[in-house]
Amino acid sequence: MKIGYPCINHTLTCQGSRTFRLKSYSVQNLIEKVENNLDCLQQILKYNLKHNILFFRMTSDLVPFASHPINRFDWQGFFKKKFRTVGQFIKKHDMRISMHPDQFTLINSLNRIIFQRSLKELHYHAEILDSMELNTSAKIQIHVGGVYNDKTKSIKRFIKRYKNIHDKIKRRLVIENDDRSYCLRDCLLLHEQTRIPIVFDVFHHSVNNAGEDLDESFALFTKTWRRKDGIPMVDYSHQKRGGQKGQHATTLNKRVFRNFLCQTKPYDFDIMLEIKDKEKSALEAIKIASGDERFKEL
DNA sequence: TCACGTCAAGCAGAT
DNA sequence: ATCTGCTTGACGTGA
C-alpha cells in the first residue's frame with residue numbers, strides 16, 4: 001500500500017503545472033515552461049520521498065499543448081535526458097505514478113474528431129511515462145465518457161474503438177467509475193470485453209452505485225488488475241462537510257479514513273487522496289496507515 | 001502591483 | 001439559456 005496525492009504541492013514554493021496561453025505559444029516559451037515543470041516535479045518527488053509519500057499523480061500540463069496541432073516541437077528528444085533522470089529517481093525509490101487526462105478526453109464521443117483529439121492526448125500521456133522509462137504499473141486513468149442518451153450504445157462504441165487503440169496507450173490505460181454516468185457495474189461490463197483494469201473511486205461509488213457495498217466492490221474491482229498492472233489503485237475522498245453533495249472534502253476526516261482502512265483489511269491497494277489540501281492530507285493518512293501491515297515503509 | 005476577464009478541449013446536472 | 005464541476009486556477013493585459 002502506497003499513499004499519494006494529485007498534481008500539486010502546496011507546501012513547496014515551486015509553481016508546478018505552469019502553462020501559458022495558446023496566443024503566447026513559441027518554442028522558446030515551451031522549452032522554458034517544460035524545464036520549469038520538470039524541475040518542479042523533481043522537487044515534489046524529493047519532498048514526497050522525504051515524507052514517505054510513494055504514490056503521485058503527475059499533472060497533464062507537464063508539456064503545454066503537447067497534443068495540440070500547434071506543437072511541432074520534438075520535446076521528447078529535447079528533454080530526453082531530463083525525463084530519464086526523473087524516471088530513474090522514481091524507479092530507484094520504488095514510487096508509483098499515475099496520470100489523469102482531463103474531461104476532454106473521450107474515447108466514446110459521438111464526434112470522431114473529439115475521439116481523434118483524445119487519442120492524441122492519450123498518446124502524449126503515454127509518451128511522458130515512456131520517456132521516463134516507467135513500467136506498465138504507471139497508469140493513465142480516464143472516465144468511460146459521455147452517455148449521449150444511450151448508455152448501451154455508448155459502451156459498445158467505447159469497446160469497438162478501444163480494440164483498435166495503439167498498444168502504447170492500451171498497456172497503461174485504466175478506467176475509473178464516475179459520480180454520475182458510469183458506475184462500477186458499468187466499468188465491470190466494459191472490463192469483461194476489454195480487460196481494462198478499473199480504478200475504484202470510493203467517493204464516486206458512494207454517490208453512484210448499483211447497491212454493492214465496500215467489501216463486494218473491492219472483491220470485484222481488485223480482480224481486474226493483473227500482475228503487470230501493479231497493485232490495484234483507489235481514488236479516495238469523501239463528502240465535504242456542509243458542502244454540496246458530490247463536493248470533495250477540503251481536509252481528511254481521520255475517523256472516516258481509519259474506518260475505511262479497517263473495512264478494506266483483506267485487500268492491498270494504492271491510495272490516491274483526492275482531498276483539496278493535497279500533501280497535508282497525505283501526511284495525515286500516512287500517519288494513520290503506518291500501523292497497518294499493508295503500508296509500505298521506506 | 002493588483003484586479004479581473006479570460007483561457008484548447010466536453011459533458012451532465014442544477015439553476 | 002446559463003452556470004458549475006471535473007484532478008489542479010493561473011495567465012497576462014491594462015490600469
Side-chain angles (χ1 to χ4, degrees), chain A residues 4-26 29-30 32-33 36-37 40-41 44 55-71 97-125 139-151 154 157-158 174-183 186 199 201-204 207-208 233-240 243-250 271-282:
Chain A
Y5 61 96
C7 305
I8 53 175
N9 180 303
H10 291 310
T11 307
L12 297 172
T13 48
C14 83
Q15 290 257 28
S17 73
R18 281 184 74 84
T19 184
F20 50 87
R21 295 293 154 80
L22 190 53
K23 266 203 281 189
S24 40
Y25 188 94
S26 70
N29 205 352
L30 181 76
E32 219 171 87
K33 292 301 192 294
N36 174 288
N37 291 346
C40 183
L41 174 64
I44 293 177
F55 189 19
F56 186 64
R57 181 183 295 163
M58 296 195 305
T59 174
S60 296
D61 292 333
L62 270 185
V63 184
F65 302 107
S67 72
H68 192 279
I70 199 171
N71 178 36
I97 295 294
S98 71
M99 295 186 85
H100 194 335
D102 64 31
Q103 63 271 29
F104 307 106
T105 304
L106 295 158
I107 287 186
N108 76 351
S109 175
L110 286 172
N111 182 343
R112 274 206 93 82
I113 293 170
I114 293 173
F115 168 56
Q116 294 298 346
R117 269 208 292 265
S118 300
L119 280 185
K120 277 196 173 174
E121 183 70 1
L122 289 169
H123 190 260
Y124 151 65
H125 282 77
K139 293 301 187 194
I140 301 168
Q141 71 182 85
I142 57 169
H143 296 290
V144 178
V147 173
Y148 312 102
N149 296 315
D150 191 333
K151 195 183 262 191
S154 296
R157 198 163 47 249
F158 185 105
V174 294
I175 50 171
E176 175 195 347
N177 59 305
D178 67 73
D179 56 349
R180 37 172 159 259
S181 305
Y182 295 93
C183 65
D186 299 321
V199 177
D201 189 306
V202 179
F203 186 35
H204 289 166
V207 291
N208 181 23
M233 288 181 179
V234 167
D235 281 355
Y236 179 89
S237 182
H238 48 70
Q239 178 64 41
K240 177 177 179 173
Q244 272 195 332
K245 198 186 159 196
Q247 271 198 314
H248 286 242
T250 40
I271 307 175
M272 181 57 60
L273 288 169
E274 294 184 336
I275 312 270
K276 298 281 183 209
D277 65 2
K278 307 287 175 187
E279 77 281 0
K280 225 173 123 197
S281 279

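Only a predicted model underlies this, so the values are computations on that prediction, with no experimental measurement involved. The chains referred to below are lettered A, B, ... by the order of the sequence lines, with proteins before strands, and numbering in each begins at 1.
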Using a heavy-atom cut-off of 4.0 Å across all strands, would you classify [X] as base, sugar-phosphate, or nothing?
| X | answer |
| --- | --- |
| A:Y148 | sugar-phosphate |
| A:Q103 | base |
| A:P101 | base |
| A:D178 | nothing |
| A:I114 | sugar-phosphate |

Check: [X]/[Y] side-chain N/O donor and acceptor closer than 3.5 Å:
| X | Y | result |
| --- | --- | --- |
| A:S281 | A:D277 | yes |
| A:E279 | A:T11 | yes |
| A:N37 | A:K33 | no |
| A:E121 | A:S67 | yes |

Under 4.0 angstrom between [X] side-chain N/O and [N] OP1 or OP2:
| X | N | answer |
| --- | --- | --- |
| A:S109 | B:dC11 | yes |
| A:H68 | B:dC7 | no |
| A:R180 | C:dG5 | no |
| A:K151 | B:dC11 | no |
| A:H10 | C:dT8 | no |
| A:K276 | C:dT8 | yes |
| A:S60 | C:dT8 | no |

Quiz item: Closest to the A:E274 side chain: B:dG10, C:dT7, C:dG12?
Solution: C:dT7
Self-check item: A:L106, nearest nucleotide to its side chain (from C:dT7, B:dC11, C:dT8)
Solution: B:dC11
Tell me: [atom1] of [X] to [atom2] of [N], nearest whole Å?
| X | N | atom1 | atom2 | result |
| --- | --- | --- | --- | --- |
| A:E279 | C:dT8 | CD | P | 13 Å |
| A:K278 | C:dT7 | NZ | P | 10 Å |
| A:D277 | C:dT7 | CG | P | 16 Å |
| A:N71 | B:dA8 | CG | C1' | 13 Å |
| A:F203 | C:dG5 | CZ | C1' | 12 Å |
| A:L122 | B:dA9 | CG | P | 18 Å |
| A:R21 | B:dA8 | CZ | C1' | 11 Å |
| A:I8 | C:dG9 | CD1 | C1' | 8 Å |

Quiz item: Donor-acceptor pair, A:S24 side chain versus A:F20 backbone, under 3.5 Å?
Solution: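 Side chain of A:S24 to backbone of A:F20: no pair is present.
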Pairing partner of [N] (Watson-Crick or G-U wobble, both distances under 3.5 Å):
| N | answer |
| --- | --- |
| C:dT2 | B:dA14 |
| C:dT8 | none |
| B:dA9 | none |

Practice problem: Specify the residue among A:N29 and A:P6 whose closest nucleotide of DNA chain C lies further upstream toward the 5′ end. | Solution: A:P6
Gap in Å between the two [atom1] atoms, one belonging to [N] and one to [M], rounded:
| N | M | atom1 | result |
| --- | --- | --- | --- |
| B:dA3 | C:dC6 | P | 26 Å |
| B:dA8 | C:dT13 | P | 12 Å |
| C:dA1 | B:dA9 | P | 22 Å |
| C:dT8 | B:dT1 | P | 30 Å |
| C:dC11 | B:dG10 | C1' | 22 Å |
| C:dT7 | B:dC2 | C1' | 28 Å |

Quiz item: Does A:Y236 have its ring centroid less than 6.0 Å away from the ring centroid of A:F203?
Solution: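 No - the distance between ring centres of A:Y236 and A:F203 does not fall below the 6.0 Å cut-off.
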Quiz item: Quick one: which of A:H125, A:E176, A:R57 gives a side chain to side chain donor-acceptor pair (under 3.5 Å) with A:H100?
Solution: A:E176
Exercise. Verify the stacking flag for A:F104 against B:dG10: centroid separation must be under 5.5 angstrom and the ring planes must differ by under 30 degrees.
Key: no
